[in-house]
Amino acid sequence: MVVFETSGFIDSHSHLRASSLSSQGIGQCENLEEALIRFSAMTAVDPYDEALVACSELILGGVTGVQFMFHVFGDKEQYQRQLAEVLRGVYDSGIRALAILGVTDQAEYLPTSFSGQSPLPKWTEPARGLSGTELGEIYEWAKSHYPSLEFGIGPVGPQWCSDGLMEELGELAAEGMRIHSHLLESPRQRKWESENPLDRLDRFGLLGPKTSLAHCVWCNDQELNTLAEKGAQSVTCPGSNRILGAGKANIEAWSESGVQFGFGLDSSAEEILPIEIAELAMDRDSALEALTSGGRSCTDLETHLDTVTWADEELTRCLEVWIDGKEMVSEGALQDAEKYQAAKERISHTLFEDRANREGRIAELDRAMPNYQRELDSCLG
Ligand SMILES: [Zn+2]
């Protein structure tokens with residue numbers, strides 16, 4: 001039998017969600033702001049199970065390295081408790097990972113210029129309370145507990161962090177860890193805060209060769225040139241951009257600008273088919289490059305030491321995966337399939353149990369949506 005071999009792929013932008021968007025009642029969204037608020041109606045599942053299942057499914061799809069944005073609303077204690085469970089799941093899966101500890105403290109669902117009564121249900125209001133200094137403490141804790149994983153930090157989006165928090169992140173970044181953030185995932189984000197989001201990263205010392213930025217759908221030529229000049233990388237997420245209504249990145253302009261870029265699934269794929277999804281935006285050779293060397297430029301993960309064998313030339317059916325000399329998948333099945341299956345079943349059970357409540361939350365959002373969109377348009381012009 002002819003088999004095809006590649007190095008391990010890198011998913012350069014993930015949130016390690018294990019349940020598909022459709023199983024959470026999220027369909028095609030009209031714009032990103034609709035999608036983001038709909039995420040808040042999702043059923044929360046056990047964080048260990050979720051991380052283990054998400055990483056295991058990436059491995060089954062030939063992905064041996066992942067950069068993921070960890071973020072939960074809440075104070076230091078809530079953040080660290082949940083992070084500990086996620087890291088345990090990532091570690092147990094055996095994937096290579098760069099965990100980005102993300103943070104926000106302003107304007108998550110309504111722009112900074114918004115004043116007045118929120119059109120959104122009360123339960124969507126984000127809990128806050130994690131300072132930059134505390135994030136630094138958690139970063140140190142995580143590094144010492146999981147020396148085999150890589151860690152970085154970042155604003156979840158520059159427009160969602162106050163000047164004070166951005167300044168604290170800039171001070172932490174002086175240590176030289178990797179930085180990751182979402183950037184211009186929607187046209188509205190350009191005016192979400194009074195300052196251009198890319199300038200905002202730069203002003204606080206968060207834009208350099210160790211910075212990768214997810215989506216960048218709405219970056220203009222000048223912004224792409226700035227990214228290239230600073231040696232920062234971008235990550236395109238064509239599958240997610242489509243389903244979440246973010247738009248379509250102009251990959252030709254990215255290539256012309258000379259910016260290095262990787263590819264991300266953004267936890268939005270119904271099935272982990274990295275090459276096929278990357279090919280929504282680019283040809284086969286560029287897709288392979290974005291998934292391998294491009295991903296390495298975004299993460300520094302050593303996936304070139306991993307091998308994946310495929311049953312088909314299209315690279316959609318994965319037969320074997322080796323990570324750092326260890327066999328993870330053989331004959332298309334995980335080595336530790338039992339643990340994965342059990343976690344997957346617990347997640348399905350939680351989704352089933354919460355179904356009526358989730359549908360209630362979704363119905364509330366459906367009712368609030370027209371008003372929410374109107375408010376956004378009126379304060380963003
Ligand atoms: Zn994302």
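The figures that follow rest on heavy atoms only: side chains count, while hydrogens, waters and symmetry mates do not. Atoms within a ligand are numbered from 1 in the order they appear, just like the ligands themselves. Throughout, numbering of the chain's residues begins at 1 and tracks the sequence.
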Applying side-chain contact (heavy atoms from CB on, under 4.5 Å), name anything that partners Glu302, two or more places apart in sequence or on another chain.
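Applying side-chain contact (heavy atoms from CB on, under 4.5 Å) to Glu302 gives Arg96, His304, Leu305.
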Between [Y] and [X], is there a side-chain donor-acceptor contact under 3.5 Å, judged purely by atom types and distance?
X: Gln67; Y: Ser212; answer: yes
X: Glu57; Y: Tyr340; answer: yes
X: Ser186; Y: Trp218; answer: no

Count of N, O or S atoms belonging to protein, less than 2.8 Å from the Zn ion (ligand 1):
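Protein heteroatoms (N, O, S) closer than 2.8 Å to the Zn ion (ligand 1) number 4.
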A cation-pi test, strictly: NZ or CZ of Arg17 under 6.0 Å from the centre of the six-membered ring of Phe68 and no more than 45 degrees from its axis. Yes or no?
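No, Arg17 and Phe68 do not form such a contact.
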Look up atom CG in Leu58 and atom OG1 in Thr64, then write down how far apart they are to the nearest 0.5 Å.
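Leu58 atom CG to Thr64 atom OG1 measures 10.0 Å (nearest 0.5 Å).
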